[in-house]
Amino acid sequence: MTLASVLVLLVLGGAGTASAHAALRSTDPGDGAVVATAPSRLTLTFTESVALLDDSFRVLDPENRRVDTGEAGHGPGGARTARVSLPPKLAQGTYVVVWRVVSADSHPVSGAFTFSVGKASPTLAVTTAGPTEDPATASLYDIGRYLAYLAAALLIGTAAFIALCRPADPAPLRAPLLIGWWTLLGSTLVLLVLRAPYETGTGPGTAFDPAALGRTLTGRPGIALLARLALLLTAAFCHARLREHADSARRVGGALGGRKGPAGAADGPLGGRERLVRVVGGALAVGLALTWATAEHASAGIQVPVAMTSAVLHLLAMAVWLGGLTALLLSLYRAADLDPATVTRFSRLAFASVTVLVVTGVYQSWRGLGSWDALTGTTYGALLTAKLAAVVVLLTAAALSRSWTGRLAAAPDPAAAPDPDPAPESVPESAPTPLPHRRALRRSVLAEVAVAVVVLVISTVLSGTLPGRAAAEAAEGPATAGGLPVASVTTIPFDVGTPNGKGKVQITLDPGRVGDNAVQAVVYGPDGGLSTVPELRLSLTLPSQRIGPLDARIRDAGGYWTTSDLTVPLAGTWTMKVTVRVSELDQVSASARVRITG
């Protein structure tokens with residue numbers, strides 16, 4: 001844990017910014033641009049490669065009617081661009097462009113912007129950035145992702161526990177193997193069917209549209225899901241053949257009267273088959289991990305080969321550790337005879353897995369965050385912090401389990417034959433048995449499994465959250481990358497100097513650009529609640545051009561102050577001055593700067 005903290009400090013200390021989700025970098029025509037002649041096409045440029053949908057572009061004219069456009073495609077910039085042709089002779093006025101694409105890491109991205117032909121319209125077409133997501137589709141898709149992660153951990157971890165820790169009684173572990181396999185198969189089918197409506201933001205009822213399903217099967221996320229299905233079917237076939245060989249070996253052993261020949265030796269054919277099983281099983285596990293790495297954050301952004309290798313190792317280490325914990329817990333509760341050596345082997349395997357998790361986790365944290373500010377200023381950073389806290393609790397429980405593992409391995413076997421003539425001084429007053437240690441290990445492993453489920457849930461949410469690097473990239477892009485032009489919101493604190501004379505005024509300029517703006521001002525008291533004042537005045541000044549003050553002439557609308565006809569003539573950094581009168585005698589003025597765009 002100390003080493004991990006030092007690595008985080010060293011790596012994040014010099015981190016820059018990059019991208020993982022695709023963020024809109026520029027548009028042609030530019031957002032808010034007024035062009036003399038109608039453009040023949042629209043071109044969007046992104047920070048990463050994007051996939052296009054059948055309805056990637058919707059263009060609305062000044063009358064809020066949809067414009068007939070050509071088929072969307074990529075521009076000269078390749079997969080990082082999206083382009084659509086426009087009809088000739090567009091009418092004069094302002095057009096709204098609504099777009100939706102799928103970024104390289106499989107997450108849909110949408111937004112909108114405006115441009116004007118000739119001059120801006122008196123009123124803009126009213127629209128949104130299109131359906132971001134359908135609640136039912138999003139919920140079902142998220143549930144499928146959660147179950148897929150849990151099932152992968154259960155399947156891979158249990159198989160690794162059987163192959164590497166060699167429990168004497170693997171019978172209790174057949175159930176989690178089957179549960180993991182069937183759950184992963186079912187969740188993968190659900191994700192495959194829901195992929196098209198998830199991308200388009202539509203309801204589950206559109207999942208079986210032949211055209212949409214065909215597009216899914218040819219896209220990278222769909223191909224990754226198909227590969228996962230193929231790997232699961234291959235694993236089932238290999239498992240069935242192994243069961244046939246095992247049954248045949250038992251029958252041969254019974255015919256020989258239970259005698260073990262060379263075939264039972266570690267260096268004989270059976271030992272060779274065991275090594276083959278491990279190789280094939282390891283290859284299938286790596287293949288399953290790749291189906292996640294090729295369709296999520298690791299597949300886009302910086303250092304893609306390193307990131308995908310790290311993602312595969314991270315997922316496998318997580319599955320071996322957390323899935324193996326479940327297998328160990330079942331063995332502790334249900335196995336008739338659990339060899340302490342099995343527990344010791346898993347302890348070593350878990351330690352190796354944790355080491356891999358720390359190294360790959362530090363790298364992925366650096367790659368996903370990019371800066372210290374992203375750790376505290378983004379949803380991705382908050383989730384990562386929560387995951388790190390849960391992992392610390394998990395490591396604490398693991399340390400306790402490791403301690404009980406050592407005691408269980410060191411305790412004498414109660415079934416061992418006692419010394420027929422022990423020396424009096426060598427007989428302890430109460431000989432320890434493994435039973436109390438086994439009970440204690442059960443409790444600590446159960447705690448580990450409970451925390452591990454929390455870690456898996458956070459990891460699943462994290463995999464679908466915009467990384468800090470991408471958030472920083474999006475913040476540097478156009479203001480409308482996530483939707484229509486955003487309003488300008490400014491908060492100005494004030495202090496009259498009397499008891500309860502403190503507060504703040506929140507002022508919204510919509511759209512916060514050159515031209516006509518609507519203004520809404522709300523006054524908050526010292527307790528943070530809404531406050532009613534007898535008078536509120538607002539003015540704007542542009543010192544660099546010696547313009548102003550422009551009186552906004554806001555009026556009391558019953559709880560807030562407003563106007564709809566404030567005209568801002570030029571772009572630039574304006575000084576916003578607000579005067580608050582809280583009583584007949586007490587008033588104060590305060591100022592703040594606000595950026596008005598062109």
Side-chain angles (χ1 to χ4, degrees), residues 16-61 66-90 94-118 129-130 199-200 211 214-216 218-223 294-295 297-305 307 466 469-470 472-485 598:
T17 59
S19 174
H21 277 52
L24 180 62
R25 187 182 294 278
S26 64
T27 65
D28 182 20
D31 179 28
V34 179
V35 295
T37 58
S40 60
R41 64 179 65 90
L42 299 173
T43 304
L44 278 62
T45 303
F46 297 88
T47 57
E48 300 294 341
S49 59
V50 295
L52 303 177
L53 305 171
D54 293 337
D55 200 27
S56 276
F57 285 95
R58 288 187 295 128
V59 182
L60 302 176
D61 67 13
R66 185 159 182 176
V67 176
D68 291 332
T69 61
E71 184 177 353
H74 295 294
R80 294 192 177 196
T81 61
R83 171 173 286 187
V84 67
S85 60
L86 297 173
K89 298 181 181 180
L90 291 178
T94 300
Y95 291 78
V96 177
V97 181
V98 182
W99 55 268
R100 185 180 183 90
V101 297
V102 180
S103 60
D105 58 1
S106 80
H107 298 287
V109 184
S110 61
F113 68 96
T114 65
F115 72 93
S116 301
V117 178
E199 290 180 348
T200 57
R215 187 180 66 248
T216 295
T218 56
R220 183 162 59 174
I223 293 174
T294 56
H297 292 321
S299 64
I302 62 172
Q303 304 173 355
V304 170
L466 181 69
R469 285 180 182 268
E473 183 78 15
E476 296 174 358
T480 59
L484 292 173

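Sequential numbering from 1 along the given sequence is applied to the chain's residues.
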**Report entry** Expected output: side-chain Arg58 to main-chain Arg100 donor-acceptor under 3.5 Å
**Finding:** no
Query raised in the report: About how many Å separate OG1 of Thr45 and CG of Asp28, when rounded to the nearest 0.5 Å?
Result: 8.0 Å
Requested in this report: Check step by step if side-chain contact (heavy atoms from CB on, under 4.5 Å) holds for Leu42 and Phe115.
Outcome: CA-CA 10 Å; Leu42 299 173; Phe115 72 93; 3.7 Å; yes
Report summary line: Val101 and Ser56 have their tightest heavy-atom pair at CG1-OG, 4.2 Å
Report summary line: In short, Arg41 meets Pro29 closest at the heavy-atom pair O-CD, 4.3 Å
Report summary line: All heavy atoms of Asp68 vs all of Pro87, minimum pair found to be O-CD, 3.1 Å
**Report entry** Residue pair Leu24 / Trp99, side-chain heavy-atom distance below 4.5 Å
**Finding:** yes
Query raised in the report: Does the side chain of Asp61 reach to within under 4.5 Å of the side chain of Leu90, using non-hydrogen atoms?
Result: no
Query raised in the report: Can you name the closest pair of heavy atoms from Leu52 and Ala82 and give their distance?
Result: CD2-CB, 3.6 Å
Query raised in the report: Which atoms form the tightest heavy-atom contact between Val117 and Pro39, and what is the distance?
Result: CG2-CD, 4.4 Å
Query raised in the report: What distance separates Leu60 CG from Thr114 OG1, expressed to the nearest 0.5 Å?
Result: 12.0 Å
**Report entry** Shortest non-hydrogen separation from Thr81 to Val50 and the atoms involved
**Finding:** O-CG2, 4.4 Å
**Report entry** Verdict with supporting geometry, Thr43 and Arg83, side-chain hydrogen bond (donor to acceptor under 3.5 Å, both in side chains)
**Finding:** CA-CA 4 Å; Thr43 304; Arg83 171 173 286 187; 3.0 Å; yes
